[in-house]
Amino acid sequence: IDRHWGEITKIFDEFAEFSGLKVNVSKTFIMPLGQLTVDSLRNEDWFRNNGTWAGTNIVTKEKYLGVIVGPEATALDSYLKPLEKLNSKISWWVKQGLSLMEKVTVWNSYLLPIVGYVDQVRLQSEEVNREITRALSSLVRGAGNWIPMCHLSYLNKMFGFPLDFRSAM
């Protein structure tokens, strides 16, 4: 990158000049991978001596299209916001007095898909799966008293119910 940084920034600057679409440098980031570190990049001449681009953020994890990426990013980092939203929505749904089958429909159709976006690009850690199971438990109050939580995905096979709770994993 040190050999081409000037050319790269020049391309962006020229594009901005003729298109009117300027890259927002304050929202742009460089992520060191491999042997590179944040400090080593900050000390590079090509980075420090490049005008407005010298203000580019150097980070080890950052949100990109709703998912936290980078060498220091964890699965939980990407799931925190969706888990907050999931728990918030469950708080509302538990007050609605739904039957068990209505809860299955709400879980499968509205609630579980909240984390589905992140599932497309991240593997759920055990910690994330525990949080999703805890969320399901709060929707299906008392589930641990009448059926093990792990069996909620088998209501049809075990009890003949028309629907099952979809599993998060």
Side-chain angles (χ1 to χ4, degrees), residues 12 15-16 19-34 36-38 41-42 53 55-169:
F12 283 121
F15 177 79
S19 71
L21 301 172
K22 187 174 182 180
V23 173
N24 187 339
V25 176
S26 66
K27 291 184 177 181
T28 303
F29 59 87
I30 297 173
M31 190 168 295
L33 300 173
L36 298 173
T37 66
V38 170
L41 283 177
R42 280 200 179 109
W53 286 88
T56 307
N57 299 305
I58 301 176
V59 297
T60 54
K61 65 180 179 179
E62 187 64 53
K63 184 186 256 185
Y64 180 71
L65 299 176
V67 178
I68 308 299
V69 297
E72 292 184 10
T74 66
L76 185 59
D77 291 333
S78 291
Y79 282 97
L80 281 176
K81 290 274 188 199
L83 287 171
E84 286 175 19
K85 185 175 180 180
L86 175 65
N87 287 313
S88 171
K89 299 290 183 189
I90 286 175
S91 296
W92 185 84
W93 280 106
V94 295
K95 297 174 188 171
Q96 305 312 306
L98 303 174
S99 71
L100 180 62
M101 287 298 100
E102 289 170 326
K103 289 177 182 179
V104 170
T105 301
V106 165
W107 176 259
N108 293 345
S109 303
Y110 305 116
L111 298 174
L112 190 57
I114 292 171
V115 297
Y117 175 73
V118 179
D119 287 341
Q120 295 175 63
V121 292
R122 279 289 210 179
L123 290 175
Q124 288 180 10
S125 65
E126 287 183 31
E127 183 179 16
V128 169
N129 190 256
R130 273 194 305 275
E131 290 300 316
I132 293 171
T133 301
R134 189 174 296 130
L136 175 58
S137 177
S138 67
L139 176 67
V140 187
R141 301 216 181 230
N145 297 326
W146 64 276
I147 186 173
M149 290 300 297
C150 61
H151 291 170
L152 288 175
S153 296
Y154 303 101
L155 293 176
N156 178 271
K157 290 178 185 168
M158 294 175 71
F159 303 107
F161 285 111
L163 299 171
D164 297 315
F165 286 93
R166 281 198 345 239
S167 173
M169 291 196 64

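Since we're looking at a predicted model, the values are computed, not measured. Nothing fancy with the numbering, it's 1 onward along the sequence. Just so it is clear, the values below take in all heavy atoms, side chains as well, and ignore hydrogens, waters and symmetry mates.
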Main chain of I68, side chain of K61: is a donor-acceptor contact present, judged purely on distance under 3.5 Å?
no
Over 12 foreign heavy atoms within 6.0 Å of OH, Y110:
no
Using residues 80-97 as the side-chain source, report each donor-acceptor pair under 3.5 Å to any protein atom, sequence neighbours left out, with the distance given to one decimal.
| residue | atom | partner | partner atom | Å |
| --- | --- | --- | --- | --- |
| N87 | ND2 | L83 | O | 3.0 |
| S91 | OG | N87 | O | 3.0 |
| Q96 | NE2 | W92 | O | 2.9 |

Might you confirm whether atom CZ of F29 has over 12 heavy atoms from other residues, nucleotides or ligands at distances under 6.0 Å?
yes
From E126, R130, Q124, residue fulfilling side chain to side chain contact (heavy atoms under 4.5 Å, CB included) relative to V128:
Q124
Using a 4.5 Å cut-off on heavy atoms from C-beta on, say whether the side chain of P32 contacts that of T37.
no
Any donor and acceptor pair, going by atom type alone, linking the side chain of S137 with main-chain N or O of T133 inside 3.5 Å?
no
Say whether, by atom type as modelled, one donor and one acceptor occur between the side chain of T56 and the main chain of V25 under 3.5 angstrom.
no
Give the intermediate values and the outcome of side-chain contact (heavy atoms from CB on, under 4.5 Å) for residues I132 and L112.
CA-CA 8 Å; I132 293 171; L112 190 57; 4.3 Å; yes
List for me each residue that meets side-chain hydrogen bond (donor to acceptor under 3.5 Å, both in side chains) alongside E131, sequence neighbours excluded, and say none if there are none.
R134
Between R122 (side chain) and T74 (backbone), is there a donor-acceptor pair under 3.5 Å?
yes
Rounded to the nearest 0.5 Å, what's the gap from CG on L139 to CG on L98? Could you check?
7.5 Å
Atom pair CH2/CG of W107 and L100 - distance to nearest 0.5 Å
13.5 Å
By salt bridge (charged side-chain N to carboxylate O under 4.0 Å, His left out) - contacts of K22 (at least two apart)
none
Is there a side-chain contact between N129 and Y79 (heavy atoms, below 4.5 Å)?
no
N57 (side chain) donor-acceptor with S26 (main chain) under 3.5 angstrom
yes
